[in-house]
Amino acid sequence: EGDRQFSGSPSLARFRSVSGELLFVFRVPGAFEGKMRALSPWIRAVNVLCSRQVGRKTRLSQCGMCGTAADSKSQPGFGLLFDIDGVLVRGRTPIPAAKKAFQKLVNAQGQFVVPVVFVTNAGNCLRQTKADQLSHILGVSISQDQVMMSHSPLKMFKKYHDKCVLVSGQGPVLDITKNLGFSNTITIDMLREAFPLLDMVDHNRRPKMPPSPPVNLPKIEAVILFGEPIRWETNLQLIIDILLTNGNLGTAHQNLRFPHLPLLACNMDLMWMAEAHSPRFGHGTFLVCLENIFKKITGKDLKYEALVGKPSEVTYHYAEYLIRAQAEERSWRKPIRTLYAVGDNLMTDIYGANLYNRYLEERTSRKSSQARAKVASGTGTSGTTVSQEVEVDNAWESELAAPSATACKSVLVCTGVYNPRTEVPADHSESIMETVFHGHRDFRFDPALVEPDHIVQDVDDAVELIFEQEKFVTP
């Protein structure tokens, strides 16, 4: 194409391969046109070389002058799920190994060489805010689509999006609920302002004057717990009041009807690691308080419509959906078959990853059973059917599509909650529930679920280990 472009000064010369791919562009003054024409034999030689590459079905990409072949081996078949607190940071202080690890995960253009999602049980900010914080800490560009907060799966709970919901937590809770799809939200502070006589623990916050008539708030239809609140006594009191009045604070406590109002809780971490030497109370501790107060008053167990955030399966399913979306955006055709979850907490990160791995294994086994049943049915064998329970996949698969992964590997780091010097009692019958299991009440203790696939010192060692396991060479 080059010779046809020499019609002015300066001239634009485009040189293409026989396949039509643009190889390079020259902008030259007219005085050099003759010299450029003299390069034509050399250009034809390059065309021949490139056409041979095309003949070998090697896709050329624009890299340097004539591109480099995109090797399928450089396309990842795995994705990484990183916890944040105790893995990348402690409070606001970065863990030194984090920046080193992420230098291995991006190329010279700052693009991730493998799909990465940050899965945190924090729920006190928007995803974009967390992405900006991580970008600053790690020195790489991170988008909100790579961040998963504990409340992110609530986007799928669409049947509550139009209901009037009470939200407990801290941070911009109204912005968070709106971002998740909820259209009618009431906060604890709004509730307290409307009914000031209900919050009586702190004497300094009691009304000094007779309060105005209560504001006519709509009936609460569900309660969402984002994370640990600032004033626990206020939140505990008003949430119990809402449950015992069936959402109408203008009335006295009633004989409780079961089931009570739907309750959706995010983040079950009993403890989490900040700058202090020892772990701090998490939202799971607040839930323990709420559950025990409710049972003491009513004699019945508090029931959750949903528990999201780690270690719930739906959280990892949603994270895998984000991993697949990244791979598709980058045009990586290799299926994502393995997830690696890197965390510091046995009871959330490791338990959750292993629980999801068990789900993936059971799902694979179920598909095999269905295939065998179809084959048997096709050959006329009678009495071989797959039960309805086996045929029905989990409800969230209809929202997110079926997972492509067949395994989820857990990697434990020693920079956060996990203390490698703590010994687990040899006899599990000796109060193991009290001394070891810090998981939520509704998740049973299973020693196999808190056993990590790998234990490493820090996140940089984790990345090195994963690359070695996958025999992955960065492009």
Side-chain angles (χ1 to χ4, degrees), residues 79-107 109-155 167 169-180 226-230 266-269 271-276 279-283 308-310 315-316 318-319 322-323 325-326 329 340-345 348-349 352 411 413 415-417 458-460 462-463:
L80 305 182
L81 309 178
F82 288 103
D83 180 34
I84 297 176
D85 294 302
V87 176
L88 307 178
V89 298
R90 287 181 63 162
R92 296 184 179 180
T93 305
I95 292 173
K99 185 170 285 191
K100 185 179 177 183
F102 275 79
Q103 288 172 351
K104 298 180 173 73
L105 293 173
V106 297
N107 59 22
Q109 291 74 42
Q111 296 176 312
F112 279 90
V113 296
V114 298
V116 169
V117 169
F118 301 89
V119 185
T120 176
N121 265 354
N124 60 348
C125 67
L126 295 166
R127 290 190 303 156
Q128 185 61 59
T129 303
K130 184 63 71 174
D132 292 341
Q133 293 171 357
L134 288 170
S135 298
H136 176 72
I137 290 169
L138 300 174
V140 298
S141 179
I142 294 165
S143 76
Q144 67 170 359
D145 295 329
Q146 291 178 277
V147 176
M148 182 173 174
M149 311 297 288
S150 63
H151 46 63
S152 294
L154 292 181
K155 279 190 173 183
V167 179
Q170 54 182 295
V173 293
L174 291 176
D175 291 335
I176 293 170
T177 51
K178 182 179 179 181
N179 186 263
L180 291 170
F226 275 161
E228 60 271 22
I230 296 173
C266 315
N267 181 3
M268 294 158 273
D269 283 350
M271 296 182 290
W272 66 288
M273 202 68 188
E275 288 96 341
R280 305 291 88 196
F281 289 160
H283 191 220
V308 298
K310 296 176 293 187
T315 293
Y316 287 84
Y318 195 84
L322 295 178
I323 288 284
Q326 280 185 52
E329 185 178 349
Y340 289 89
V342 182
D344 69 307
N345 193 325
T348 53
D349 302 311
V411 183
V413 298
T415 51
V417 171
D458 54 41
V459 66
D460 185 50
V463 171

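Note that these values count all heavy atoms, side chains included, but never hydrogens, waters or copies made by symmetry.
Note that OG1 of Thr315 is 6.5 Å distant from CE of Met268, once rounded to the nearest 0.5 Å. The structure places CD of Glu228 at 8.5 Å from CG of Asp269, a figure rounded to the nearest 0.5 Å. With values rounded to the nearest 0.5 angstrom, Lys100 atom NZ is found 15.0 Å from Leu138 atom CG. Within the model, atoms CG of Asp175 and SG of Cys125 stand 11.5 Å from one another, a figure rounded to the nearest 0.5 Å. For the atom pair CG (Leu134) and CZ (Arg127), the distance works out to 12.5 Å, reported to the nearest 0.5 Å. Note that CG of Asn345 and CE of Met271 are 7.5 Å apart. Values are rounded to the nearest 0.5 Å.
Residues Tyr316 and Val119 are not in side-chain contact: their nearest non-hydrogen atoms beyond the backbone lie 4.5 Å or more apart. Within the 4.5 Å cutoff, the side chain of Leu80 has no heavy atoms near those of the Val342 side chain. Side-chain contact check for Ile95 versus Val459: every heavy-atom pair is 4.5 Å or farther apart. Between Val308 and Tyr318 the shortest side-chain heavy-atom distance does not fall below 4.5 Å. Side-chain contact between Ile176 and Met149 is absent, with no heavy-atom pair separated by less than 4.5 Å. The side-chain heavy atoms of Met148 and Leu81, taken from C-beta on, include no pair separated by under 4.5 Å.
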Q | Step-by-step side-chain contact (heavy atoms from CB on, under 4.5 Å) determination, Lys104 to Asp460 | A | CA-CA 9 Å; Lys104 298 180 173 73; Asp460 185 50; 2.6 Å; yes

(Q) Using side-chain contact (heavy atoms from CB on, under 4.5 Å), reason through Leu88 and Ile137 one step at a time and then give a plain yes or no. (A) CA-CA 9 Å; Leu88 307 178; Ile137 290 169; 5.8 Å; no

(Q) With side-chain contact (heavy atoms from CB on, under 4.5 Å) as the criterion, how do Val463 and Leu105 come out once you've worked through the C-alpha distance, each side chain's angles and the decisive distance to 0.1 Å? (A) CA-CA 8 Å; Val463 171; Leu105 293 173; 4.0 Å; yes

Q: Please assess Val89 against Ile84 for the test side-chain contact (heavy atoms from CB on, under 4.5 Å), listing each intermediate value before the final yes or no.
A: CA-CA 6 Å; Val89 298; Ile84 297 176; 3.8 Å; yes

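Remark: the backbone N or O of Cys266 is paired with a side-chain donor or acceptor of His283 at under 3.5 angstrom. Asp344 places no side-chain N or O within donor-acceptor distance of the main-chain N or O of Val87, the cut-off being under 3.5 Å. Using modelled atom types, one side-chain atom of Asn121 and one backbone atom of Lys310 make a donor-acceptor pair closer than 3.5 Å. Although no hydrogens or angles enter the test, the distance criterion places no donor-acceptor pair under 3.5 Å between the side chain of Ser135 and the main chain of Ser141. A donor-acceptor pair under 3.5 Å is formed between the side chain of Asn107 and the backbone N or O of Gln111. Side-chain atoms of Thr120 do not come within 3.5 Å of backbone N or O of Asp83 as any donor-acceptor pair. The main-chain N or O of Ile323 is never found under 3.5 Å from a side-chain atom of Gln326 such that the two would form a donor-acceptor pair. Between the side chain of Gln146 and the backbone N or O of Phe118, no donor-acceptor pair lies under 3.5 Å. A side-chain donor-acceptor contact under 3.5 Å links Glu275 to the backbone of Arg92. Side-chain atoms of Trp272 do not come within 3.5 Å of backbone N or O of Pro279 as any donor-acceptor pair.
The two residues Arg90 and Thr415 come nearest to each other via the heavy atoms CD-O, 3.5 Å. When every heavy atom of Arg280 is checked against every heavy atom of Ala274, the shortest pair comes out as CG-CB, 4.5 Å.
A ring-centre distance under 6.0 Å is not found for Phe82 and Phe112.
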